Number of protein chains: 2
Amino acid sequence: MSQHDAQARLAVSTVIFAISPEPDDDGAVRPSLRIPLVRRLREPGLGRWALPGGWLPVHESLEAAAGRTLNETTGLSPRYLEQLYTFGEPDRSPGERVVSVVYWALVHSDEVQRAVSDDNVRWFDEDDLPELAFDHAAIVVYALTRLRTKLEYSRIAHALLPETFTMAELRGVHEAVLRRRLDPANFRRTMEATGTLVDTGRRLAGTRHRPPALYRFDPAHSPAAPPSPAPAAPHHAASALEGPRPGTDSKDTPE
Amino acid sequence: MSQHDAQARLAVSTVIFAISPEPDDDGAVRPSLRIPLVRRLREPGLGRWALPGGWLPVHESLEAAAGRTLNETTGLSPRYLEQLYTFGEPDRSPGERVVSVVYWALVHSDEVQRAVSDDNVRWFDEDDLPELAFDHAAIVVYALTRLRTKLEYSRIAHALLPETFTMAELRGVHEAVLRRRLDPANFRRTMEATGTLVDTGRRLAGTRHRPPALYRFDPAHSPAAPPSPAPAAPHHAASALEGPRPGTDSKDTPE
DNA sequence: CCAAAAGTGTTGGTGGTACACCCATGC
DNA sequence: GCATGGGTGTACCACCAACACTTTTGG
């Protein structure tokens, strides 16, 4: 019983979200929600697209492992990272029992520019995903509903935006995630009422209309962990990454 | 590398909630929220109280394992069972890396009567817990906030009550969980507005005041899985249990 | 001046809280 | 009849969606 003994194997995967400006059908630039996927280089599921992840190292915390694999596959570091759910149906991975602790993450839109993207890592539009390996399609669907639900009662949209942003950009993020238009007037008031928005005093020039104010989020409100007592506490998994090292395929790849 | 090789071990634990009538300080019978704990019979944490649970068998689903260990320790079967969170800090269990997928469950109050309770299994009042092994105290705190949060936007209180119940009993459950008094008039309207309550037509006699109506929950509303798409779907882990079998201590016990 | 988006004001509906009040039963 | 909770009616307040309206820029 070397490594296929009577034990489930533990993997950690992450659903990563970012906002990308994408040309709309009528040419207007509407932001869209995007997700990076990696191509599987081994069986099972060879060639299929899957969520970035890897086996859990014995001495690494779950959250650190999620942040690290995220960084290894995309080159990015998450602004927001939270556990989503643990998937462990006995038959979800052919051949071997695999239990996956899945996280979801948000990254800044301006970082996506310099994100890795090659034959084996690609960003997909949220409503135009390819066929996924294992049960990853269901996982993404679940992560999407969690993101949408949480966006409405929490203020996490800032994790998808650069340091400063206009009210319209913030609204664009909400509209892209919720997939519906929001009233600009009411949206502004709701956001201002949270007290987490700080007017930088500067304005964005160069538009062909009245220049909008630039805001940033009050850091006093966001790093303070939400009322979830025990876990959560989205630290950034500050695990450094030295070069493009082999990644997860030291021996075999999990789902 | 027999079984202490470089892999984390996977355990499944469950925080079980039930309502018990408990004599109040002034003699009045107010329901209270109770949690069963098991005494650890091995190191680490020998003698301490801990959440019921066990190692994950290779061919059993996470939810089935949670339901089974729940049944083995308490003799009860859950009316509600949902995944809570996965705890996996590297140092949470001395000596060995253990990752615990934790569920939370609700059981009917009338079943608690015939629940197991001996030297090694005991029910504790939610606000009078003993010192717990490992990080189980934090886990219970987290489960409590989840229960409280979910009670307010979902209708899960029925899982803590018998088939039929009065409006006051239902309110008593909410008050016990939320730890505050609720306005009877407003509570009634709120509950009636959900449309999930069915008046059985019968009334509870024997009180020394106007006999209250007996309700039951509309089964058309509760088994229908909530809008959580992927996981959830609280099936009852229908794994039979043949007698008081050795349980999890075939080789060693997890946390 | 005009287009276009920023930003403000006002109104009506909805849901929740507080609280006054009547109803039906046991004793 | 009277104490006790069961059950109803109603006024008020906070929040939110809808939408009319004013402001400020670029061209």
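Only a predicted model underlies this, so the values are computations on that prediction, with no experimental measurement involved. Below, chain A is the first sequence line, B the second, and so on; all start at residue 1.
- The pair B/E152-B/R148 fails the salt-bridge criterion, with no side-chain N (NZ, NE, NH1 or NH2) lying under 4.0 Å from an Asp/Glu carboxylate O.
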Protein-nucleic acid N or O pairs under 3.5 Å, nucleotides 25-27 of chain D:
none

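- No side-chain donor-acceptor contact under 3.5 Å links B/R68 and B/N71.
- Ion pairing of B/R216 with B/E169 is absent here, as no side-chain N (NZ or NE/NH1/NH2) approaches a carboxylate O to less than 4.0 Å.
- In this structure, the CG atom of B/L204 is 12 Å from the C1' atom of D/dG6, given to the nearest Å.
- Distance alone, capped at 3.5 Å, places no donor-acceptor pair between the B/H136 side chain and the B/A50 backbone.
- Using a 4.0 Å cut-off on heavy atoms, the residues of residues 172-191 of chain A that approach DNA chain D are A/D183, A/A185, A/N186, A/R189, listed by number.
- Minimum heavy-atom separation, A/S109 to A/L161: OG-CA, 4.3 Å.
- From A/I35, atom CD1 reaches atom OG1 of A/T74 across 13.0 Å, with rounding to the nearest 0.5 Å.
- Taking all atoms of both residues into account, the shortest heavy-atom contact from A/I156 to A/L147 is CD1-CD1, 4.1 Å.
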- Task: Test B/T200 against B/T164 for side chain to side chain donor-acceptor pair (under 3.5 Å), laying out the working first.
- Result: CA-CA 8 Å; B/T200 62; B/T164 65; over 6 Å; no

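- Atom pair A/E169:CD and C/dA6:C1' shows a separation of 14 Å (rounding to whole Å applied).
- With rounding to whole Å, B/L214 atom CG is found 15 Å from D/dG7 atom C1'.
- Note: CD (A/E152) to P (D/dC15) measures 17 Å, nearest angstrom.
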